Amino acid sequence: MPGRLADDEDDDLLEDELPEEDQFGRMRYLDLCREMGISPASQILKYLEAEAMHVVHYGLGLRGLKALAGALRINQNVTVLRLADNAIPDEGVAELMRTLLENTSITVLDISGNRMGPVGSKALADLLVSRNTVLRTLALSNMKLGDREGVLVGNCLENNTSLRSLDISSNDLSEKTAHTLGQVLMVNLGLTDLNLSWNKLRPRGVAHLAEGLKPNLTLQVLGLGWCGLQDVGATTFGVALKINQGLVDVDLSGNQITLEGVRALSEGIATSVTLAGIRMDNNDLREEGGKELLQAVDRNKGLVVCSMENTNTSEQIRLAMEALLEPRRKLRDKLHAAQQQQAA
């Protein structure tokens, strides 16, 4: 028995001499890099000890992503993970999503500019429907996503209450994805920011979204720039604006909207109870369309931003719009400063 006690004491001494636990996953990352025959990225080693990891345009590829994923299975320090444009293939995206099922710290994820196909989108779907997911912000821009991926991701949001912001701009999404998202918006209680700009939604796709927006109370920011709305889509969206009681900021730039569309849209802008900003840049509004917008903004005292660059409206109309909005912005800023002072 005395010998056994001595052995126990030796074990305690050895434990005291052991290096600190690999809480950030640095050693795990280095070991995996060695196993896969790749050079460790100094940026990753540095950011593993920070709350926000920004490793973009770094060319990680599949093996680099797998090494990072191994570290993130240990690391509970990183909360923001930005890996845009890293040549990560579908399999790598899937590996990352499986990692996030175990990692309970990352709330912001940006993997824009990589590639996600059937394997990666299925793994993402599993993450989004998991009760353990803590993701609040997800960016999937410029990933060549089609309706197969768009519909799959959209369906997962029906009962997801954690995700607040979703950016799926600059993809190949069309009417099918818009239909799914329209259905989701009728019941989703979490999403506040949705960016669909630079997709092929066109009038029929926007009609589906508009139906979902009518009863929605939570979505505040919506990007629909360069989505091919045309006058038909603008008219449909204008009707939704009259009914919706949540949207605060909307981007409708570059949608081939002319006088016909802006007239119908202006009715919704004038009567919206929540709208504070509308962007109509790069539409062919001309002088009459500019006047329609000016009148709508004059009626809606809650608006503080109405952008209409490159719309063929006159300098006089734009100056009149700015003269109308500038005092409102000053008042808003003054009230905001007073609220901050009170909170302090």
Side-chain angles (χ1 to χ4, degrees), residues 80-81 90 93-94 96-101 103-104 106-112 114 116-201 204-225 227 237 240 244-251:
V80 176
L81 182 59
D90 188 28
V93 170
L96 180 60
M97 298 308 159
R98 288 191 290 266
T99 299
L100 294 185
L101 279 171
N103 182 298
T104 57
I106 294 173
T107 59
V108 176
L109 176 64
D110 182 357
I111 54 170
S112 301
N114 294 292
M116 184 171 74
V119 179
S121 57
K122 174 61 171 62
L124 173 58
D126 291 340
L127 175 64
L128 291 175
V129 299
S130 170
R131 293 182 179 180
N132 296 326
T133 183
V134 294
L135 269 187
R136 295 177 65 85
T137 299
L138 176 62
L140 305 171
S141 179
N142 190 29
M143 296 184 70
K144 296 187 177 179
L145 304 181
D147 283 328
R148 177 178 57 185
E149 293 81 20
V151 169
L152 181 59
V153 171
N155 281 329
C156 296
L157 299 178
E158 187 168 332
N159 297 310
N160 181 301
T161 56
S162 66
L163 196 67
R164 296 288 181 268
S165 175
L166 176 63
D167 181 358
I168 45 177
S169 61
S170 301
N171 282 297
D172 296 319
L173 308 175
S174 61
E175 182 186 342
K176 289 182 179 180
T177 298
H179 180 269
T180 299
L181 290 174
Q183 297 293 311
V184 166
L185 288 173
M186 290 184 181
V187 296
N188 181 279
L189 301 175
L191 208 59
T192 61
D193 187 333
L194 176 61
N195 189 357
L196 283 161
S197 297
W198 293 96
N199 280 293
K200 304 170 184 176
L201 305 187
R204 291 180 63 177
V206 174
H208 293 307
L209 281 175
E211 285 303 306
L213 287 169
K214 289 177 182 178
N216 185 283
L217 298 173
T218 55
L219 192 70
Q220 298 176 19
V221 180
L222 178 61
L224 289 175
C227 283
F237 193 80
N244 176 272
Q245 297 183 41
L247 285 172
V248 175
D249 191 301
V250 175
D251 184 358

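These numbers were taken from a predicted model, which means no experiment stands behind them.
Residues T137 and L109 are not in side-chain contact: their nearest non-hydrogen atoms beyond the backbone lie 4.5 Å or more apart. With a 4.5 Å cut-off on side-chain heavy atoms, M116 and L124 count as touching. Between V250 and F237 there is a side-chain heavy-atom pair separated by less than 4.5 Å. Counting heavy atoms from C-beta on, the side chains of I111 and M143 come closer than 4.5 Å. The closest side-chain heavy-atom distance from M97 to L101 is not below 4.5 Å. Residues L219 and L194 meet the side-chain proximity criterion, which asks for heavy atoms closer than 4.5 Å. Side-chain atoms of I168 and L181, non-hydrogen and from C-beta on, do get closer than 4.5 Å to each other. By the 4.5 Å heavy-atom criterion applied to side chains, L127 and L135 are counted as neighbours.
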For the pair L222 and D249, evaluate side chain to side chain contact (heavy atoms under 4.5 Å, CB included) and give the outcome as yes or no after the intermediate values. CA-CA 6 Å; L222 178 61; D249 191 301; over 6 Å; no
Under the criterion side chain to side chain contact (heavy atoms under 4.5 Å, CB included), I'd like the reasoning laid out for L166 against L191: C-alpha separation, chi angles, the key distance, then a yes or no. CA-CA 8 Å; L166 176 63; L191 208 59; 4.1 Å; yes
L96/L81 under side chain to side chain contact (heavy atoms under 4.5 Å, CB included): CA gap, chis, key distance, verdict: CA-CA 11 Å; L96 180 60; L81 182 59; 4.0 Å; yes
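L213 contributes atom CG, which lies 12.5 Å from atom CD of Q245 (distance to the nearest 0.5 angstrom). Within the model, atoms CZ of R148 and CG of L173 stand 12.5 Å from one another, a figure rounded to the nearest 0.5 Å. To the nearest 0.5 Å, atoms CG (D251) and CG (L196) are separated by 11.5 Å. Annotation: the span from N199 atom CG to T177 atom OG1 amounts to 7.5 Å, rounded to 0.5 Å. Note that OG of S165 is 10.0 Å distant from CG of D110, once rounded to the nearest 0.5 Å. Here the OG1-CG distance, from T107 to L163, works out to 10.5 Å after rounding to the nearest 0.5 Å.
Side-chain atoms of D172 never come within 3.5 Å of backbone atoms of G146 as a donor-acceptor pair (strictly under, hydrogens ignored). Judged by distance alone, the side chain of N188 and the main-chain N or O of L157 form a donor-acceptor pair under 3.5 Å. A distance-only check finds a donor-acceptor pair linking the side chain of S141 to the backbone of S169 [under 3.5 Å]. Side chain of N244 to main chain of K214: no donor-acceptor pair is present (N/O by atom type, distance under 3.5 Å, no hydrogens or angles). Not one N or O on the side chain of R204 forms a donor-acceptor pair closer than 3.5 Å with the backbone of L201. Of the possible donor and acceptor atoms, one in the side chain of S121 sits under 3.5 Å from a partner among the backbone N and O of P118.
Here the shortest heavy-atom pairing between A178 and G205 reads CB-O, 3.3 Å. Scanning all heavy atoms of the two residues, the minimum distance from K144 to N171 falls at N-OD1, 3.0 Å.
Checked by atom type, the side-chain pair S112/N114 shows no donor-acceptor distance below 3.5 Å. Under the 3.5 Å distance criterion, with hydrogens and angles disregarded, no donor-acceptor pair is assigned to the side chains of T218 and T192.
With respect to I106, the side chain to side chain contact (heavy atoms under 4.5 Å, CB included) criterion is satisfied by exactly one of V80, L100, V134: L100. When the options V184, L224, N216 are evaluated for a side chain to side chain contact (heavy atoms under 4.5 Å, CB included) with L209, the one that passes is L224.
By the neighbour-count criterion of 12 heavy atoms within 6.0 Å, atom NZ of K176 is sparsely surrounded, having that number or fewer from other residues, nucleotides or ligands.
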